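Working notes for the structure below.
The structure displayed is predicted, hence computed values, not measured ones.
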Amino acid sequence: MRAVEIVPSILSADVGRLAEQVQEAESAGADRIQVDVMDGHFVPNLTFGPQVVEAVRRATKLPVEAHLMVERPELFVEAFARSGATLIEVQVEATTSLYRTVQTIKELGARAGVAINPATPVDALREILPYIDLVNVMTVEPGFGGQKFIPHSPEKVRRVRDLSNQVEIEVDGGIDARTAPLVVKAGASVLVAGNSVYGYKGGVAAGIKAIRDAVG
């Protein structure tokens, strides 16, 4: 059984207190921090750029992952690597040069991940799996926080795990104390949580603890 990592997403944080919110998550036992990068084209929202990754990097000793929900991510991976991202994820649907993009990320010294949207078949991962460190199985449509977990997601996680027993499987979207055990049982070992951490009524530490307790 893999150890389960909890990764707060700053998409749900109070950006006016960004450093404080990141440090709060670190103190509460988060394993790394996620920065959701959206371009208003690949997804219908605009969020953060490399400067925010730099700010997060200054605020914490934790690894920082940049999830690029952008068209043609190959144009941006260098900027995010230079800004301090230790893991860079690109969407399998967003580029026609996925292998080259993954190789570039690794050449820049970062770990490479690939994210897959809910309606994208798992087979789209088959050829790239030997070259990546992580698969992010999106359990909502990317673009906005606070969405409901898609019920068939655990089965999709299970199919990814059947393809590879080596790659890390991350899940992102609608993760809380109720849904976390479902995806962990299916083979996920990295849980991205936004609202259930930064919007938790008892505070950030209590939100992380609730998820960690739920997965044992």
ask   = Are V90 and L46 grouped together when hydrophobic residues (ILVMFWY) are joined by side-chain heavy atoms under 4.5 angstrom apart?
value = no
key: Heavy-atom pair with the smallest gap, counting every atom of P181 and A214   = CG-O, 3.4 Å
request  = From the options V135, V171, N136, select the one residue that forms a side chain to side chain contact (heavy atoms under 4.5 Å, CB included) with V160.
outcome  = V135
inquiry  = Any non-hydrogen side-chain atom of I10 less than 4.5 Å from a side-chain atom of V15?
reply    = no
query = Same cluster for V114 and V192 if Ile/Leu/Val/Met/Phe/Trp/Tyr side chains link at under 4.5 Å?
reply = no
request  = May I ask you to say whether R100 pairs ionically with E107, meaning some side-chain N is under 4.0 Å from a carboxylate O?
outcome  = no
message = To the nearest 0.5 Å, what is the distance between CD on Q166 and CD1 on I132?
response = 12.5 Å
request  = List in chain and number order the residues that pass salt bridge (charged side-chain N to carboxylate O under 4.0 Å, His left out) with E20, two or more places apart in sequence or in another chain; answer none if no residue qualifies.
outcome  = R17
inquiry  = Could you work out, with side chain to side chain contact (heavy atoms under 4.5 Å, CB included) as the rule, every residue matching P154, not counting sequence neighbours?
reply    = F149, L182, V183, A186
Can you give each donor-acceptor pair under 3.5 Å made by side-chain atoms of residues 36-44, sequence neighbours left out, with the distance rounded to 0.1 Å?
residue	atom	partner	partner atom	Å
D36	OD2	S9	OG	2.4
D39	OD1	H41	N	2.8
D39	OD1	F42	N	2.8
D39	OD2	E71	N	2.8

request  = Measure the CE-NE2 distance between M138 and H67 for me, rounded to the nearest 0.5 Å.
outcome  = 5.5 Å
More than 12 heavy atoms of other groups within 6.0 Å of Y131 OH = no
task = I would like to know whether H152 and I150 meet side chain to side chain contact (heavy atoms under 4.5 Å, CB included); could you show each step before the answer?
result = CA-CA 6 Å; H152 78 267; I150 295 173; 3.3 Å; yes
query = How far does CD of E89 sit from CD1 of I105, to the nearest 0.5 angstrom?
reply = 9.5 Å
Beyond-backbone contact of V92 with I128, side-chain heavy atoms, under 4.5 angstrom = no
inquiry  = Between E65 and T86, is there a side-chain heavy-atom distance shorter than 4.5 Å?
reply    = no
inquiry  = Working note: D162 + R159, criterion salt bridge (charged side-chain N to carboxylate O under 4.0 Å, His left out); need CA distance, chi angles, decisive distance, verdict.
reply    = CA-CA 5 Å; D162 287 343; R159 293 199 302 275; over 6 Å; no
request  = Write down the atom of A112, the atom of V102, and the distance for their closest heavy-atom approach.
outcome  = CB-CG1, 3.9 Å
ask   = Considering residues at least two apart in sequence or located in another chain, which fulfil the salt bridge (charged side-chain N to carboxylate O under 4.0 Å, His left out) criterion with D31?
value = R212
message = Looking at every heavy atom in both P73 and A94, which two are closest together, and how far apart are they?
response = CD-O, 3.5 Å
ask   = If you round to the nearest 0.5 Å, how far is OG of S196 from NZ of K201?
value = 14.0 Å
request  = Return yes when atom NZ of K106 has more than 12 non-hydrogen atoms of other residues, nucleotides or ligands closer than 6.0 Å, and no otherwise.
outcome  = yes
task = Carefully, step by step, assess L134 and L87 under the rule side chain to side chain contact (heavy atoms under 4.5 Å, CB included).
result = CA-CA 9 Å; L134 174 143; L87 169 70; 4.1 Å; yes
inquiry  = Is there a continuous path of hydrophobic side-chain contacts, each under 4.5 Å between heavy atoms, that joins L18 to Y200?
reply    = no
inquiry  = Can a donor-acceptor pair be found, under 3.5 Å and without considering hydrogens, that links the side chain of T95 to the backbone of R72?
reply    = no
remark   = Across all chains, not counting sequence neighbours, the side chain to side chain contact (heavy atoms under 4.5 Å, CB included) partners of E26 are T60, K61, L62
note = T101 and S97 have their tightest heavy-atom pair at OG1-O, 2.8 Å
query = With a 4.0 Å cut-off, would you call E170 and R32 a salt bridge?
reply = yes
task = Return the minimal non-hydrogen interatomic distance between A177 and A210, and the atom names on each side.
result = CB-O, 3.8 Å
request  = Check the pair V167 / D133 against side chain to side chain contact (heavy atoms under 4.5 Å, CB included), numbers first and verdict last.
outcome  = CA-CA 6 Å; V167 71; D133 301 293; 5.9 Å; no
Heavy-atom side-chain contact between R82 and L108 under 4.5 Å = yes
side-chain hydrogen bond (donor to acceptor under 3.5 Å, both in side chains) evaluation trace for N117 with Q91 = CA-CA 8 Å; N117 280 350; Q91 293 279 155; 3.0 Å; yes
request  = Report yes or no: does T139 contribute a side-chain atom to a donor-acceptor pair with the main-chain N or O of G173 at less than 3.5 Å?
outcome  = yes
remark   = Rounded to the nearest 0.5 angstrom, the CD1-CG distance for I175 and N195 is 12.0 Å
task = Could you tell me which non-hydrogen atom of V77 sits nearest to which non-hydrogen atom of I88, and how far apart they are?
result = O-CD1, 3.6 Å
note = OH of Y198 to CG of L11, rounded to nearest 0.5 Å, is 11.0 Å
inquiry  = What I'd like to find out is whether the side chain of V7 reaches to under 4.5 Å of the side chain of V190, using heavy atoms alone.
reply    = yes
task = Look only at the side chain of Q21 and the backbone of D14, and say whether a donor-acceptor pair between them is shorter than 3.5 Å.
result = yes
ask   = Are L125 and I116 close enough that some pair of their side-chain heavy atoms sits under 4.5 Å apart?
value = yes
ask   = Between T179 and D176, is there a donor-acceptor pair closer than 3.5 Å when you use the side chain of the first and the backbone of the second?
value = yes
Any residue meeting side chain to side chain contact (heavy atoms under 4.5 Å, CB included) with S83, in chain and number order, not counting sequence neighbours = P50, V53, E54, F80
inquiry  = For a 4.5 angstrom cut-off between non-hydrogen side-chain atoms, does S164 reach P130?
reply    = no
message = According to a hydrophobic-cluster definition based on side-chain heavy atoms being under 4.5 Å apart (Ile, Leu, Val, Met, Phe, Trp, Tyr only), do I208 and I211 belong together?
response = yes
task = Taking the side chain as every heavy atom from C-beta outward, state whether T47 and N45 have any pair of such atoms under 4.5 Å apart.
result = yes
